[in-house]
Amino acid sequence: MKKDFHFTLTDRLPGTHARAGVIHTPHGDIETPAFIPVGTQATLKALVPEQLAAVGAQAMLANAYHLYLRPGSEIIDQAGGLHAFMNWEKPTFTDSGGFQVMSLGVGFKKVIDMSGDVAEKPLAKKDKLAWIDDDGVTFKSHLNGSQHRFNPEVSMKIQHELGADIIFAFDELTTLHHSYDYQVESLDRRTHPWAVRSLEAHQQLTQERADKPYQALYGVVQGANYEDLRRKSSRFLADLDFDGFGLGGALTKENIGEIVGWMSEELPEDKPRHMLGISEPDDIFDCIENGADTFDCVSPARVGRNGALYLPTGRVNITNRRFRDDFTPLNADCDCYTCQNYTRAYLHHLFKAGEMLASTLATIHNQRFIVKLVDDIRASIKDGSFFDFKQEFLATYYHKDAL
RNA sequence: UCCGACGUAGCUCAAUGGUGGAGCAAGAAGCUGUUAACUUCGAGGUUGCUGGUUCGAGUCCAGCCGUCGGAG
């Protein structure tokens, strides 16, 4: 099959790893840097695809774990793939299920933070829903407790049935709470061998399903916040025939840019780099400056549904009492449907009343805010104003006395 | 007018005579490859009023006030 995927670099920011480019997929192009909203279960919660497109989303990311459990990846295969199933014609990504190895296992019912200084009490074995070994992971469904097994081959089969344009190798997402020795063992015994197995299974499936659109496979770099491990993991994956790379796992927020920089120095220039699960504005700036091309994250959607909305002056809880009689637009300078048509008082009311429209309007705004932020960063790389834009945005965003 | 029941947090209700609690509402915080329209936290009280019994009363007794129901 003809490989219908490539990455074109168009601009670089001198003195940094930052770059702009275009990812070409069978379902269209993605101008990078770009933020990719997450629709875990083949829907971005609270939005119809037209609303997601209107927000400026160039692509969407779904999750192999959730769609495997329900409705089943074979159902989506029968439907003609993710795009046809969910009525989304633009590019799609799927995550491998690797995140659930962590979130249902060591991370079950815990917050895996990026500060690295939280000593959580160890989880009792019976409380976990996932158990990892060197071949893969056995886990219990969070839906009904039924037992399943994922390994690289299973994840690749599922992701091929789902049919996203960009898919990820099955990896082990370690946390900052794991020891250095564990991080080494995780790379050598699981994430790296699994990357090789994912690639082999992917190539086999690509041949078997030659009538389907080409799917690009990204290898996933791990190594927590250790420079030697991040470089080693990057070099290992760089030597394999991946179409791009996911930069994953445990990253200390304090030096996230530095960590991304280590990986960018080891990875090939001509392949795209995707930051898994990052969306805070300061993190986005740091990652792009150090070579990241695309991002996905549930945070803008989730915090929005819970009433936290992005403003240029920082995030606010619209449920706060002070918004009860604030009849100004959420953000007069925002071009999203919500800000163009509704007041803070109305949004406050919808949340307090528990109305579904609250989620929709909040999601539209938050997605637009982050998508546009990354779009603006892309423009600033192209015209050379990146550092001015970064300084101005972050100074305003993190000193929230203006509201 | 008489009889009866009931008065506890903003609301609905708990509390063998032994340090008055919960849910919801209201207030606030958190959320970074979604088990999340979620989670967490604090605040909120002269137990209708006045007396009495008791070591000790939201609880028992009396009166008053109020609400509801029934009878006239």
Side-chain angles (χ1 to χ4, degrees), chain A residues 35-47 60-67 69-70 93-105 107-115 127-130 139-145 155 159 164 166-176 218 220-222 245-253 256 274-284 286-287 292 294-309 315-324 350-363 366 370:
Chain A
F35 178 72
I36 315 299
V38 177
T40 299
Q41 307 202 71
T43 167
L44 202 167
K45 300 184 196 302
L47 298 194
M60 196 213 68
L61 180 144
N63 192 293
Y65 164 82
H66 296 78
L67 295 175
L69 288 180
R70 184 173 56 191
F93 297 55
T94 49
D95 189 24
S96 65
F99 179 75
Q100 278 65 39
V101 176
M102 183 279 288
S103 66
L104 301 178
F108 187 54
K109 288 182 176 173
K110 278 195 292 189
V111 173
I112 303 301
D113 68 290
M114 292 170 62
S115 64
D127 292 333
K128 293 186 196 176
L129 289 179
F139 61 91
K140 288 187 175 178
S141 161
H142 70 282
L143 299 174
N144 59 15
S155 177
Q159 292 192 76
I166 295 170
I167 66 178
F168 288 93
F170 190 65
D171 64 328
E172 180 185 17
L173 199 180
T174 57
T175 76
L176 294 171
Y218 284 20
V220 179
V221 182
Q222 292 289 343
F245 302 93
L247 314 188
L251 300 153
T252 33
K253 185 179 180 72
I256 188 170
H274 179 85
M275 291 301 307
L276 289 153
I278 297 295
S279 72
E280 284 300 300
D282 53 346
D283 298 331
I284 287 176
D286 288 346
C287 292
T294 53
F295 299 79
D296 78 83
C297 194
V298 300
S299 186
R302 181 193 289 165
V303 302
R305 284 196 307 281
N306 295 327
L309 302 177
R315 227 165 65 185
V316 298
N317 288 330
I318 198 67
T319 52
N320 286 6
R321 186 179 179 84
R322 60 193 162 121
F323 296 116
R324 189 176 57 161
L350 290 178
F351 271 102
K352 300 303 277 188
E355 284 292 341
M356 291 187 290
L357 186 57
S359 294
T360 298
L361 296 180
T363 302
N366 275 6
I370 298 297

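A note on names: the letters A, B, ... follow the listed sequences, proteins ahead of strands, and every chain is numbered from 1. Values below: every heavy atom of this structure, side chains too, minus hydrogens, waters and symmetry copies.
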What is the distance from [atom1] of [X] to [atom2] of [N], rounded to the nearest Å?
| X | N | atom1 | atom2 | answer |
| --- | --- | --- | --- | --- |
| Phe139(A) | U34(B) | CZ | P | 14 Å |
| Asn317(A) | C41(B) | CG | P | 17 Å |
| Asp282(A) | U32(B) | CG | P | 14 Å |

Protein-nucleic acid N or O pairs under 3.5 Å, nucleotides 37-40 of chain B:
residue	atom	partner	partner atom	Å
A37(B)	OP2	Arg305(A)	NE	3.2

Indicate whether any N or O donor in one side chain lies under 3.5 Å from an N or O acceptor in the other, for His66(A) and Thr40(A). no
Name the nucleic acid region contacted by [X], choosing base, sugar-phosphate or nothing; use a 4.0 angstrom heavy-atom cut-off, strictly under.
| X | answer |
| --- | --- |
| Leu251(A) | nothing |
| Asp296(A) | sugar-phosphate |
| Ala301(A) | base |
| Gln100(A) | sugar-phosphate |
| Ala308(A) | base |
| His66(A) | sugar-phosphate |
| Ser96(A) | base |
| Gly98(A) | nothing |

Tell me which donor-acceptor pairs under 3.5 Å the side chains of residues 167-174 of chain A have, and how far apart each pair is, sequence neighbours excluded?
residue	atom	partner	partner atom	Å
Asp171(A)	OD2	Gln222(A)	NE2	2.7
Glu172(A)	OE1	Ser186(A)	OG	2.6
Glu172(A)	OE1	Arg190(A)	NE	2.7
Glu172(A)	OE1	Arg190(A)	NH2	3.3
Glu172(A)	OE2	Tyr182(A)	OH	2.6
Thr174(A)	OG1	Gln183(A)	OE1	2.5

Who passes salt bridge (charged side-chain N to carboxylate O under 4.0 Å, His left out) against Lys45(A), sequence neighbours left out? none
Counting Watson-Crick and G-U wobble pairs with both distances under 3.5 Å, what is the dot-bracket string for RNA chain B, 5' to 3', using [ ] for crossing pairs and | for pairs to another strand? (((((((..((((....[..))))..((((.......))))......(((((..]....)))))))))))).
For the backbone of Ala46(A) and the side chain of Thr360(A), can you confirm whether one donor and one acceptor N or O come within less than 3.5 Å of each other?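 A pair under 3.5 Å: yes.
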Taking the side chain from Asn306(A) and the backbone from Arg302(A), do they hold a donor-acceptor pair closer than 3.5 Å? yes
Tell me if the NZ atom of Lys253(A) is crowded by more than 12 foreign heavy atoms within 6.0 Å.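 Yes, enclosed.
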Expected rows: protein N/O vs nucleotides 24-27 of chain B N/O, under 3.5 Å:
residue	atom	partner	partner atom	Å
G27(B)	OP2	Lys352(A)	NZ	2.3

Looking at Asp296(A), Thr294(A), Ile166(A), Thr94(A), which hits side chain to side chain contact (heavy atoms under 4.5 Å, CB included) with Leu61(A)?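 Among Asp296(A), Thr294(A), Ile166(A), Thr94(A), the one meeting side chain to side chain contact (heavy atoms under 4.5 Å, CB included) with Leu61(A) is Asp296(A).
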When only distance counts, do a donor and an acceptor, one from the side chain of Asn63(A) and one from the base of U34(B), lie under 3.5 Å apart? no
Taking atom types as they are modelled, is there a donor-acceptor pair under 3.5 Å from the base of G33(B) to the side chain of Gln222(A)? yes
Results of ring pair (Phe, Tyr, Trp, His ring centres under 6.0 Å) for Tyr65(A) - residues two or more places apart only: Phe139(A), His142(A)
5'-most by nearest nucleotide on RNA chain B - Lys253(A) or Leu143(A):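 Of the two residues, Lys253(A) wins.
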